Undergrad: 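Right, I'll just put the structure down here and ask away after.
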Amino acid sequence: MTAVRRVEGKVAIVTGAGSGIGEATASVLALEGASVVVDDIRGAEAERVARSITEEGGRAVAVDADVSDEPQVAAMVATALREFGRLDFLHNNAALTEPTQFARDQAVADMTLDTWERVLATNLKGVMLGCKHAVPAMIDNGGGSIVNMSSGAAKLGDFHLSAYAASKAALHALTRSVAVQYGRDSIRANTVVPGLILTPAAETNLTPEKRAMLASNVLLPYLGRPVDVAHLVLFLASDEARYLTAQEFVINGGQTAHQPTYAQELEARARRAGS
């Protein structure tokens with residue numbers, strides 16, 4: 001029996017697809033039969049990912065849309081319709097994660113308005129614009145699925161990343177609004193909430209000390225990789241998830257399922273057992 005690919009014939013847009021979770025998701029979707037619009041503000045990276053997909057026998061086209069710019073987002077959706085004839089899935093994954101931006105995103109009293117507005121422009125406004133222009137195209141096609149990428153930062157306070165956390169928390173309300181407003185048009189909208197995932201950005205931004213501290217609170221003996229999140233997004237894009245909407249899917253290895261001291265005690269016990 002020939003295995004049925006889970007998104008065969010569907011057309012997807014993945015933003016922020018030039019690296020990390022976005023790249024892994026675009027590649028997994030293509031492997032499972034979707035035609036993919038690979039978007040990244042870094043055009044050369046989008047081209048690289050799209051080329052890799054086509055070299056493996058998939059269908060992909062690269063665009064370098066800035067998701068905070070409405071005409072560019074409209075053109076991105078138009079590209080999907082022009083190149084592939086329809087739109088079934090949107091993965092709003094693009095976010096500001098550069099080390100210099102994270103360094104400026106500090107406690108509220110130390111926050112500049114420029115930093116605040118720049119983060120929300122990409123992380124929140126960009127998602128709204130993606131939904132705004134994708135939803136009508138999906139309705140014309142009989143429905144579709146939207147997955148918005150949140151973060152564990154949306155759920156827990158911290159000493160920095162105030163703007164990033166606020167943008168991701170607002171994303172949950174926006175996702176529910178889209179699910180309510182367009183559910184009768186067969187549009188599903190869900191949020192994925194990753195914890196510590198070893199993306200290139202995480203590898204760059206995290207000091208060894210912070211990475212070790214976060215890893216000590218993960219219940220599994222390994223950290224998540226971009227492909228782990230990509231497979232969850234694939235499921236939500238597929239018809240297997242046809243009755244799931246307005247939901248939040250946390251993928252963090254159990255990082256927030258316990259008191260932090262519990263995981264630290266387990267780690268200490270494991271070290272003692274190995275000594």
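The figures here come from the full heavy-atom set of this structure, side chains too, leaving out hydrogens, waters and symmetry mates. Since this is a predicted model, take the numbers as computed values, not measurements.
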Undergrad: Taking atom CZ of R242 as the centre, does the number of heavy atoms from other residues, nucleotides or ligands within less than 6.0 Å exceed 12?
TA: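 It does not: R242 CZ has 12 such atoms or fewer within range.
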
Undergrad: Between E83 and R59, does at least one N-O distance fall below 4.0 Å, as a salt bridge requires?
TA: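 So E83 does not pair with R59 through a salt bridge.
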
Undergrad: Please set out all donor-acceptor pairs under 3.5 angstrom arising from side-chain atoms of residues 189-201, sequence neighbours excluded.
TA:
{"residue": "N190", "atom": "OD1", "partner": "A246", "partner atom": "N", "Å": "3.3"}
{"residue": "N190", "atom": "OD1", "partner": "Q247", "partner atom": "N", "Å": "3.0"}
{"residue": "N190", "atom": "ND2", "partner": "L244", "partner atom": "O", "Å": "3.0"}
{"residue": "T191", "atom": "OG1", "partner": "T175", "partner atom": "OG1", "Å": "3.1"}
{"residue": "T199", "atom": "OG1", "partner": "A201", "partner atom": "N", "Å": "3.4"}
{"residue": "T199", "atom": "OG1", "partner": "A202", "partner atom": "N", "Å": "3.0"}

Undergrad: At what distance, to the nearest 0.5 angstrom, does CD of E56 lie from CD1 of I53?
TA: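 Going from CD on E56 over to CD1 on I53, the span is 9.5 Å.
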
Undergrad: Nearest 0.5 angstrom please: L161 CG to T97 OG1, how far?
TA: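 Here the rounded value is 11.0 Å.
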
Undergrad: Hydrophobic cluster membership, with links at side-chain heavy-atom distances under 4.5 Å among I/L/V/M/F/W/Y: are V63 and V14 in one?
TA: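 No, no single cluster joins them.
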
Undergrad: Side chains of H91 and T15: any donor to acceptor distance under 3.5 Å?
TA: no

Undergrad: Is the closest side-chain heavy-atom distance between F84 and V37 below 4.5 Å?
TA: yes

Undergrad: Find out whether Q255 and L219 are in side-chain contact, i.e. whether some heavy atom of one side chain is under 4.5 Å from a heavy atom of the other.
TA: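 The answer is no, as the side chains (C-beta and beyond) never meet within the 4.5 Å cut-off.
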
Undergrad: When you group the ILVMFWY residues by side-chain heavy-atom contacts below 4.5 Å and let the links chain together, are I41 and V49 in the same group?
TA: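 V49 and I41: separate clusters.
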
Undergrad: Same cluster or not: are M128 and V178 linked, directly or through other Ile, Leu, Val, Met, Phe, Trp or Tyr residues, by side-chain heavy atoms under 4.5 angstrom apart?
TA: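 In one cluster: yes.
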
Undergrad: Closer than 4.0 angstrom, basic N to acidic O: yes or no for R86 and D140?
TA: no

Undergrad: Compare all side-chain heavy atoms of N92 with those of V147 and state whether any distance is below 4.5 angstrom.
TA: no

Undergrad: To the nearest 0.5 angstrom, please state how far the CG atom of L236 sits from the NE2 atom of H231.
TA: 13.0 Å

Undergrad: Atom NZ in K10, atom CZ in F89: separation rounded to 0.5 Å?
TA: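 Separation between the atoms: 10.5 Å.
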
Undergrad: What is the distance from atom CG of L120 to atom NZ of K168, rounded to the nearest 0.5 Å?
TA: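 Interatomic distance, L120 CG to K168 NZ, rounded to 0.5 Å: 10.5 Å.
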
Undergrad: Can you find a pair of side-chain heavy atoms, one from E70 and one from H133, that are under 4.5 Å apart?
TA: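 Yes, close enough: below the 4.5 Å cut-off.
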
Undergrad: At what distance, to the nearest 0.5 angstrom, does CZ of R188 lie from OG of S145?
TA: 4.0 Å

Undergrad: Can E117 and K125 be counted as an ion pair, charged N to O under 4.0 angstrom?
TA: no

Undergrad: Does any N or O in the side chain of D105 come within less than 3.5 Å of the main-chain N or O of S162, such that one atom is a donor and the other an acceptor?
TA: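 Yes: the side chain of D105 pairs with the backbone of S162.
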
Undergrad: Who are the side chain to side chain contact (heavy atoms under 4.5 Å, CB included) partners of Q101, not counting sequence neighbours?
TA: L96, E98, R104, T115, R118, V119

Undergrad: Any side-chain heavy atom of P226 sitting closer than 4.5 Å to one from D228?
TA: no

Undergrad: Taking the side chain as everything from C-beta on, heavy atoms only, tell me whether N141 gets closer than 4.5 Å to L87.
TA: no

Undergrad: Show me the donor-acceptor pairs within less than 3.5 Å that the side chains of residues 24-33 make with the rest of the protein, sequence neighbours left out.
TA:
{"residue": "T25", "atom": "OG1", "partner": "I21", "partner atom": "O", "Å": "2.8"}
{"residue": "S27", "atom": "OG", "partner": "E23", "partner atom": "O", "Å": "3.0"}
{"residue": "E32", "atom": "OE1", "partner": "R6", "partner atom": "N", "Å": "2.9"}

Undergrad: What I want to find out is whether R5 reaches E8 closely enough, with some N-O distance under 4.0 Å, to be called a salt bridge.
TA: yes

Undergrad: Do D66 and S68 pair up side chain to side chain, a donor and an acceptor below 3.5 Å, judged on atom types alone?
TA: yes

